[in-house]
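This report concerns only the one structure given below.
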Amino acid sequence: MATTATERPLFIDGEWVETGEWIEVRSPYSGEVVGRVARGGAGETRRALDAADRALQHPLPAHKRAEILVKVAGLIGRRHEEVARTISEEAAKPIKTARVEASRAMSTYTFAAVEARKLAGELVPMDAAQAGEGKLAFTVRRPIGIVGAISPFNFPCNLVAHKLAPALAAGCPVVLKPASQTPLSALLLAELEAEAGLPAGWLSVIVGRASEIGDVLVEDERVKLITFTGSGDVGWGLQERAPRKRVKLELGNSTPVVVAADADVDATAAKLAANAFAFAGQSCISVQRIYVERPSFDAFLASFVPKVEALKVGDPGDDETDVGPVIDEDARMRVSAWIAEAEQSGARVLTGGEDGGLLKPTVIADVADDQKVSCEEVFGPVVVVNPVDSVDEAIERANGTRFGLQAGVFTTSLDTALKAAERLEFGGVIVNEAPTFRSDQMPYGGVKASGNTKEGPAWSVREMTEERLVVIQR
Ligand code: NAP
């Protein structure tokens with residue numbers, strides 16, 4: 001894989017800041033160093049918060065915020081291949097998938113610009129109550145204040161965009177802590193925001209010791225909202241420690257799909273094979289558990305498994321690659337162990353396993369619900385397929401998880417689709433499309449252990465603002 005090793009200091013108060021310590025960013029595929037990033041900690045985070053506090057004293061008008069957001073979208077477009085290569089190199093995401101992520105980041109900034117321009121309160125119908133006669137009342141939406149943002153490794157550009165862009169649209173300065181494994185995309189976005197005219201202080205990016213940076217964001221009263229995407233343990237822990245802040249959590253899932261007997265087997269198998277293994281299953285809504293009504297079970301497997309085996313596994317820098325490695329050795333060993341445990345418990349591994357240090361897309365049939373590959377979030381290229389006697393049973397088993405982010409159903413029956421939409425306990429139900437589907441203007445977020453918010457610029461902007469009521473006696 002051709003690399004473009006990059007050296008990036010931290011971005012604080014509009015300046016690039018070296019700290020004397022460096023973190024090496026290595027390709028999870030080749031182990032090569034693809035960049036070096038300055039390591040920050042509590043001191044740099046406090047300095048960033050001081051700058052954000054100063055920025056907040058000089059609000060940017062909505063048209064200016066929208067203008068910057070549109071420019072960032074344009075700059076990502078202009079440097080699209082560089083953005084995609086950066087994602088691909090640091091995360092080992094197949095380049096064709098990384099290009100899609102770069103395009104989605106453009107979309108996220110574009111939708112955020114729209115929100116900046118239409119951010120408004122509402123008129124309160126005061127004379128609806130006798131006490132309100134003679135009064136005019138309306139609300140205005142005010143920025144909540146400084147936003148602390150923490151992002152994961154798996155979408156190092158677009159999930160950062162989902163925090164930075166709505167915050168700017170809402171008029172909030174941000175201090176961002178990206179994942180240590182994938183900080184280069186976030187620092188590239190900071191460069192593009194600065195180039196687009198973002199004044200100093202509105203964005204700082206601090207890479208480094210997670211708990212040290214997290215502690216400052218939790219403890220500093222100037223941070224009014226923490227937006228976190230990542231694992232549940234860290235996310236819920238932040239919320240417990242910051243009861244007076246808004247702590248908005250986008251967490252994991254164990255994504256189920258219900259395949260009704262009336263669904264088109266080949267079309268369903270094609271969509272699921274193409275989507276279940278994207279970025280080696282390291283998406284929070286990667287298809288993990290497929291429940292197929294018994295009459296279609298054998299036909300589904302006969303169609304699905306060859307399509308999975310046709311996926312090209314290998315170098316993420318290669319245009320043809322569908323599936324690259326998981327993020328690190330620990331993840332590879334964990335996923336392998338979970339596959340072995342399932343096999344030892346009597347499940348059938350139909351295809352997959354390890355190959356030259358890479359995990360191949362793996363399909364396991366007849367897996368008990370208490371196996372880790374069923375009930376935990378695999379976050380690797382593994383799909384479990386089980387037969388069920390009815391759609392009701394499929395829905396019940398799909399719901400038998402602590403998670404609730406997104407679920408899917410394939411059927412040609414409107415009744416079945418609506419029943420599933422009503423009864424699947426998830427933040428989103430996707431009908432006749434893989435539940436890995438996300439478009440960036442959608443309200444996206446989970447219930448139960450999967451989180452407590454919706455992202456998508458229109459929703460995030462609401463979270464990042466407060467309504468102030470104004471009442472006028474006429
Ligand atoms: P993670 O280990 O929880 O890390 C996420 C972020 O939290 C990283 O920036 C990490 O920093 C930071 N962090 C770790 N410990 C911290 C602490 N004590 N205080 C403050 N920050 C801390 O998650 P991940 O492995 O990167 O991502 C995978 C998880 O994210 C999966 O569960 C996946 O489902 C979930 N996810 C959810 C969504 C969604 O929208 N719902 C989207 C994508 C991913 P370091 O990197 O420095 O450790």
*Can the positive tip of Lys93 be found less than 6.0 Å from the middle of the six-membered ring of Phe155, inside 45° of the ring normal?*
yes
*Is any side-chain N of the basic residue among Lys312 and Glu320 closer than 4.0 Å to the acidic one's carboxylate O?*
no
*From Asp315 CG over to Ile95 CD1, what is the distance, rounded to the nearest 0.5 angstrom?*
10.5 Å
*Nearest-0.5 Å distance, CG of residue Asp318 to NZ of residue Lys96*: 9.0 Å
_Taking Glu191 first and then Arg8, would you say they form a salt bridge - that is, a charged N and a carboxylate O separated by under 4.0 Å?_
yes
*Do the non-hydrogen side-chain atoms of Val223 and Val175 ever get within less than 4.5 Å of each other?*
no
*Indicate yes or no: does Arg334 engage Glu376 in a salt bridge with an N to O separation below 4.0 Å.*
no
*Taking the six-membered ring of Tyr291 (Phe, Tyr or Trp), confirm whether the NZ or CZ of Arg397 is under 6.0 Å from its centre and within 45° of its axis.*
no
*How long is the span from the CD1 atom in Ile430 to the CG atom in Asn275, to the nearest 0.5 Å?*
11.0 Å
*Keeping the roles fixed (side chain from Thr412, backbone from Asp262), state whether a donor-acceptor pair exists under 3.5 Å.*
yes
_Sole candidate of Val216, Val207, Ile206, Val205 that passes side-chain contact (heavy atoms from CB on, under 4.5 Å) when paired with Glu44_ = Ile206
*Would Glu115 and Arg462 pass as an ion pair if we require N to O under 4.0 Å?*
no
*With a 4.5 Å limit on heavy-atom distance, are the side chains of Leu189 and Tyr109 in contact?*
yes
*With the threshold set at 4.0 Å, does a side-chain nitrogen-carboxylate oxygen contact exist between Asp319 and Arg99?*
yes
*asked:* Looking at Arg104 and Glu101, is any side-chain nitrogen of the basic one under 4.0 Å from a carboxylate oxygen of the acidic one?
replied: no
*asked:* I'd like to know if the side chain of Asn399 reaches the main chain of Arg423, judged simply by a donor and an acceptor atom lying under 3.5 Å from each other, with no hydrogens or angles considered.
replied: yes
